[in-house]
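In the text below, chain A, chain B and the rest are named by the order of the sequence lines, each starting its count at 1. What's counted below: heavy atoms across the whole structure, side chains too, no hydrogens, waters or symmetry copies.
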There are 2 protein chains.
Amino acid sequence: MESRQVERQAAPDTEPSVRQPGPEIELLVRDMIGRVADKWTMLILEELAEHGTLRFTRLGDLVGDISQKMLTKTLRQLESDGLVLRTVHPVIPPHVDYRLTELGLSLSEAFCGVWEWAEKYHAQVAQARQDFQSAALPRSSGRAVAAQDTDSGT
Amino acid sequence: MESRQVERQAAPDTEPSVRQPGPEIELLVRDMIGRVADKWTMLILEELAEHGTLRFTRLGDLVGDISQKMLTKTLRQLESDGLVLRTVHPVIPPHVDYRLTELGLSLSEAFCGVWEWAEKYHAQVAQARQDFQSAALPRSSGRAVAAQDTDSGT
DNA sequence: CAGTATCCAACCTGATACTG
DNA sequence: CAGTATCAGGTTGGATACTG
């Protein structure tokens with residue numbers, strides 16, 4: 001899902017003072033979000049953060065409904081991004097361990113807020129969803145509609 | 001030498017009173033993660049959190065490279081989940097406002113940690129990716145390989 | 001055990017065209 | 001302006017087979 005066109009808009013030499021990080025940084029940060037804001041990434045990171053070192057199959061079992069394909073793919077990406085360390089023990093049968101790197105651990109900690117949010121508010125979201133469904137069925141009353149406004153704005 | 005890890009996967013259901021809610025909740029929370037751990041969700045929430053109320057097109061411009069389709073779709077989902085409030089002003093031409101609800105605001109705050117992480121470590125990730133690429137090309141030396149281990153483990 | 005490779009169906013995404 | 005409809009392409013995921 002990475003088809004990002006990086007427009008290199010000419011940086012005006014009217015570069016103001018030292019102000020905030022440039023817009024280029026913005027793009028990099030955005031890119032990071034695109035990489036880590038992923039369901040499997042979060043779930044895998046969480047399991048590794050909680051259990052420490054895990055083997056491929058065990059990790060897959062813990063995550064639950066992930067396919068071997070996605071597990072492999074996501075782990076490879078996490079490894080290439082320096083978030084997960086993959087260790088191969090040259091034995092038969094194969095034995096491969098996965099564990100978080102310092103960087104990966106720091107990300108899993110950053111995700112904590114989101115996990116806590118999910119735990120705290122999942123009921124409210126479920127309720128909102130029901131309300132939305134209910135409101136969508138009846139004829140009148142769609143969603144929020146502002147009172148007639150004489151100001152056409154545009 | 002490698003410490004033989006004693007996996008306690010055989011742990012009986014005698015759930016120790018450590019913490020964690022029931023396993024059913026786990027599934028619900030997981031579901032929530034699946035819904036919010038999304039690139040567009042994060043980006044849209046961020047823009048709304050930063051700018052307050054925004055109109056469709058303006059929001060799309062701020063997010064940048066999102067397609068109209070995904071913008072619509074993601075907004076609908078956010079609306080149905082009670083994170084975003086959509087207000088239609090019945091004028092011509094149409095005028096639709098989007099803004100965060102309290103719930104949406106709380107989620108955007110939960111995401112802060114991830115944004116901060118991205119800002120702080122994006123360079124390290126980029127470096128890791130380069131290193132990984134470099135290490136993948138050469139003949140020998142794949143990634144981390146543990147020393148020969150006489151204990152076949154399984 | 002820990003993958004890789006392949007086929008195929010289903011879905012997600014983006015770009016384009018059209019409408020009220 | 002704020003969408004919806006449609007089509008083309010890539011990604012996801014399951015199932016299966018094969019490897020070291």
Can you tell which of B/His89, B/Arg86, B/Arg55 makes a side chain to side chain donor-acceptor pair (under 3.5 Å) with B/Asp97?
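Single pass found, and it is B/His89.
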
Report yes if at least one side-chain N or O of [X] is closer than 4.0 Å to OP1 or OP2 of [N]; otherwise report no.
X	N	answer
B/Arg76	D/dA2	no
A/Arg55	C/dC1	no
B/Tyr98	D/dC1	no
B/Trp40	C/dG14	yes

Whichever of B/Asp38 and A/Val96 has the more 5' nearest nucleotide on DNA chain C, that residue is A/Val96

Name the stems with DNA chain D in them: runs of three or more consecutive Watson-Crick or G-U pairs, distances under 3.5 Å?
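As far as DNA chain D goes, consecutive pairing (with distances under 3.5 Å) yields the stems C:1-20 with D:1-20.
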
With a 4.5 Å limit on heavy-atom distance, are the side chains of A/Thr87 and A/Leu85 in contact?
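Yes, at least one pair of side-chain atoms sits under 4.5 Å.
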
Side chain to side chain contact (heavy atoms under 4.5 Å, CB included) between B/Lys73 and B/Arg76, intermediate numbers included
CA-CA 5 Å; B/Lys73 181 175 180 177; B/Arg76 284 287 183 285; 5.8 Å; no

Produce the list of close N/O pairs, under 3.5 Å, pairing protein atoms with atoms of nucleotides 14-20 of chain D; give distances to one decimal.
residue: D/dG14; atom: OP2; partner: A/Ser67; partner atom: OG; Å: 3.3
residue: D/dG14; atom: O6; partner: A/Lys69; partner atom: NZ; Å: 3.1

My understanding is that only residues two or more places apart in sequence, or in another chain, count here; which of them pass salt bridge (Lys or Arg N to Asp or Glu O under 4.0 Å) with B/Arg58?
none

Salt bridge (Lys or Arg N to Asp or Glu O under 4.0 Å) filter on A/Glu46, not counting sequence neighbours, yields none

Is the shortest side-chain N to carboxylate O distance from A/Glu26 to A/Arg30 below 4.0 Å?
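Counted as a salt bridge, because a side-chain N and a carboxylate O are separated by less than 4.0 Å.
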
Output the rounded distance in Å from CG (A/Leu71) to C1' (D/dG13).
13 Å

Atom CZ of B/Arg86 to atom P of D/dC1: distance rounded to whole Å?
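Spelled out: CZ on B/Arg86 to P on D/dC1 is 16 Å.
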
Got a list of side-chain donor-acceptor pairs under 3.5 Å for residues 99-114 of chain A, not counting sequence neighbours?
residue: A/Thr101; atom: OG1; partner: A/Gly82; partner atom: O; Å: 2.6
residue: A/Thr101; atom: OG1; partner: A/Leu83; partner atom: O; Å: 3.2
residue: A/Thr101; atom: OG1; partner: A/Leu103; partner atom: N; Å: 3.3
residue: A/Thr101; atom: OG1; partner: A/Gly104; partner atom: N; Å: 3.0
residue: A/Ser106; atom: OG; partner: A/Leu103; partner atom: O; Å: 2.5
residue: A/Ser106; atom: OG; partner: B/Trp117; partner atom: NE1; Å: 2.7
residue: A/Ser108; atom: OG; partner: A/Leu105; partner atom: O; Å: 2.8

Return the set of residues passing side chain to side chain donor-acceptor pair (under 3.5 Å) with A/Gln68 (not counting sequence neighbours), or none when no residue passes.
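Per chain and number, A/Gln68 pairs via side chain to side chain donor-acceptor pair (under 3.5 Å) with no residue.
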
